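Predicted model, so just to flag it, every value in this text is computed and none were measured.
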Amino acid sequence: MIKQKSELAEYWETRYNNHQTGWDMGHISPPLKAYIDQLQDKNKRILIPGSGNAYEAEYLINKGFSDVHVVDIAWQPLYNLRDRVGDTPALHLHQINFFDLNIKFDLIIEQTFFCAIAPSKREVYAYKMAESLNVNGKLVGLLFDFPLSGGPPYGGNVHEYLNYFTPYFYVHTFERAYNSHPKRISKEIFINLVKK
């Protein structure tokens with residue numbers, strides 16, 4: 001496991017230790033479960049950045065995917081995940097700032113990471129996502145579709161988000177999720193983007 005310490009890591013560590021994790025649903029989000037269920041290639045190298053407790057990674061491991069990478073700046077959620085799935089060679093844990101990671105992936109799954117970073121870093125996020133994907137790689141996930149002040153988390157809207165992504169990605173899907181968790185109905189955008 002790659003480990004890294006910083007003030008940002010301490011901030012998120014404190015939030016996990018104090019159970020200040022209102023975004024955490026306790027299970028995989030329905031839109032991502034539906035997407036994963038239709039994937040055929042179990043050998044794709046998959047990344048979940050800013051993963052938190054990474055229920056998506058747990059689901060992928062249980063479905064037989066063989067190369068799942070989980071990145072979080074805090075160590076606690078990574079250990080929570082390892083406690084749930086055990087020590088398996090299919091799971092790679094990286095306790096590091098995502099922007100310092102230098103590995104290529106076939107698929108990146110976005111789940112509450114984008115909303116956790118400062119809006120001033122969103123353009124860098126889009127560039128780094130594209131840079132982290134192999135040719136024809138995909139960025140798939142969910143973005144919040146409502147304003148949030150203060151933060152993190154930070155909100156936004158479709159028009160703002162498209163400005164960040166279209167320089168680096170072809171848009172396959174960028175629309176309101178139809179199968180969100182009941183607490184998130186009409187509040188999520190499902191994205192499926194292909195690296196240019």
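Side chain of Lys44 to backbone of Asp106: no donor-acceptor contact under 3.5 angstrom is found. Under a 3.5 Å cut-off, the side chain of Asn157 and the backbone N or O of Glu160 do form a donor-acceptor pair. Side-chain N or O atoms of Glu110 include one that pairs as donor or acceptor with a backbone N or O of Thr112 at under 3.5 Å. A donor-acceptor pair under 3.5 Å is formed between the side chain of Lys196 and the backbone N or O of Thr166. Panel note: side chain Lys128, backbone Leu101; a donor-acceptor pair is recorded below 3.5 Å. Checked by atom type and distance alone, the side chain of Lys104 never pairs as donor or acceptor with a backbone atom of Arg45 at under 3.5 Å. Without hydrogens or angle criteria, Tyr168 side chain to Lys195 main chain gives no donor-acceptor distance under 3.5 Å. Listed for the Glu188 side chain is no donor-acceptor partner under 3.5 Å among the backbone atoms of Ala177.
Nearest heavy atoms, Ser29 versus Gln111: CB-NE2, 3.9 Å. The nearest pair of heavy atoms linking Met129 to Pro49 is CE-CG, 3.6 Å. The two residues Tyr55 and Ile28 make their nearest non-hydrogen contact at CB-N, 3.4 Å. Listed here is the closest heavy atom pair of Ala126 and Phe169: O-CE1, 3.6 Å. Scanning all heavy atoms of the two residues, the minimum distance from Ile46 to Phe105 falls at C-CD2, 3.9 Å. For the residue pair Ala90 and Ile61, the shortest heavy atom distance occurs at CB-CD1, 3.7 Å.
Side-chain atoms of Ile108 and Ser132, non-hydrogen and from C-beta on, do get closer than 4.5 Å to each other. Residues Leu193 and Tyr170 form no side-chain contact, since every pair of their non-hydrogen atoms from C-beta on lies 4.5 Å or further apart. Between Leu60 and Leu91, the closest side-chain pair of non-hydrogen atoms is not below 4.5 Å. Within the 4.5 Å cutoff, the side chain of Glu123 has no heavy atoms near those of the Asn163 side chain. For the pair Phe174/Leu143, a side-chain contact is recorded, criterion being any heavy-atom separation below 4.5 Å from C-beta on. Residues Tyr35 and Lys138 meet the side-chain proximity criterion, which asks for heavy atoms closer than 4.5 Å.
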**Request:** Could you please spell out the steps behind the side chain to side chain contact (heavy atoms under 4.5 Å, CB included) verdict for Leu81 and Leu93?
**Result:** CA-CA 9 Å; Leu81 173 62; Leu93 302 177; 3.9 Å; yes
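To the nearest 0.5 Å, the span separating CG on Asn80 from CG on Asn53 amounts to 4.5 Å. Atoms CD1 and CG, from Ile109 and Leu107 in turn, are 5.0 Å apart once rounded to the nearest 0.5 Å. With rounding to the nearest 0.5 Å, the separation of CD in Glu58 from OG in Ser51 is 12.0 Å. Put simply, CZ on Phe65 and OH on Tyr59 are 9.0 Å apart, with the number rounded to the nearest 0.5 Å. Taken to the nearest 0.5 Å, the CZ atom of Phe146 stands 8.0 Å off from the SG atom of Cys115. From Phe144, atom CZ reaches atom OH of Tyr154 across 13.5 Å, with rounding to the nearest 0.5 Å.
Taking a cutoff of 4.0 Å between a charged side-chain nitrogen and a carboxylate oxygen, Asp145 and Arg176 qualify as a salt bridge.
Using bins of under 30°, 30° to 60° and over 60° for the plane-to-plane angle, the ring pair Tyr125/Phe98 lands in the tilted bin.
Taking the centre of each ring, Tyr127 and Tyr164 stay at or above the 6.0 Å mark.
Under the 4.5 Å side-chain heavy-atom criterion for Ile, Leu, Val, Met, Phe, Trp and Tyr, Val194 and Ile189 are members of distinct hydrophobic clusters. The cluster map of Ile, Leu, Val, Met, Phe, Trp and Tyr, joined by side-chain heavy atoms under 4.5 Å apart, puts Ile191 and Tyr178 in different clusters. Val171 is connected to Tyr161 through a chain of hydrophobic side-chain contacts under 4.5 Å among Ile, Leu, Val, Met, Phe, Trp and Tyr, so both are in one cluster. At a threshold of 4.5 Å between side-chain heavy atoms, the hydrophobic network of Ile, Leu, Val, Met, Phe, Trp and Tyr places Leu139 and Val124 in one connected group.
Of the N and O atoms on the side chains of His92 and Asp67, at least one donor lies less than 3.5 Å from an acceptor on the other residue.
Summarising the local packing, CD of Gln40 is surrounded by 12 or fewer heavy atoms from other residues, nucleotides or ligands at distances under 6.0 Å.
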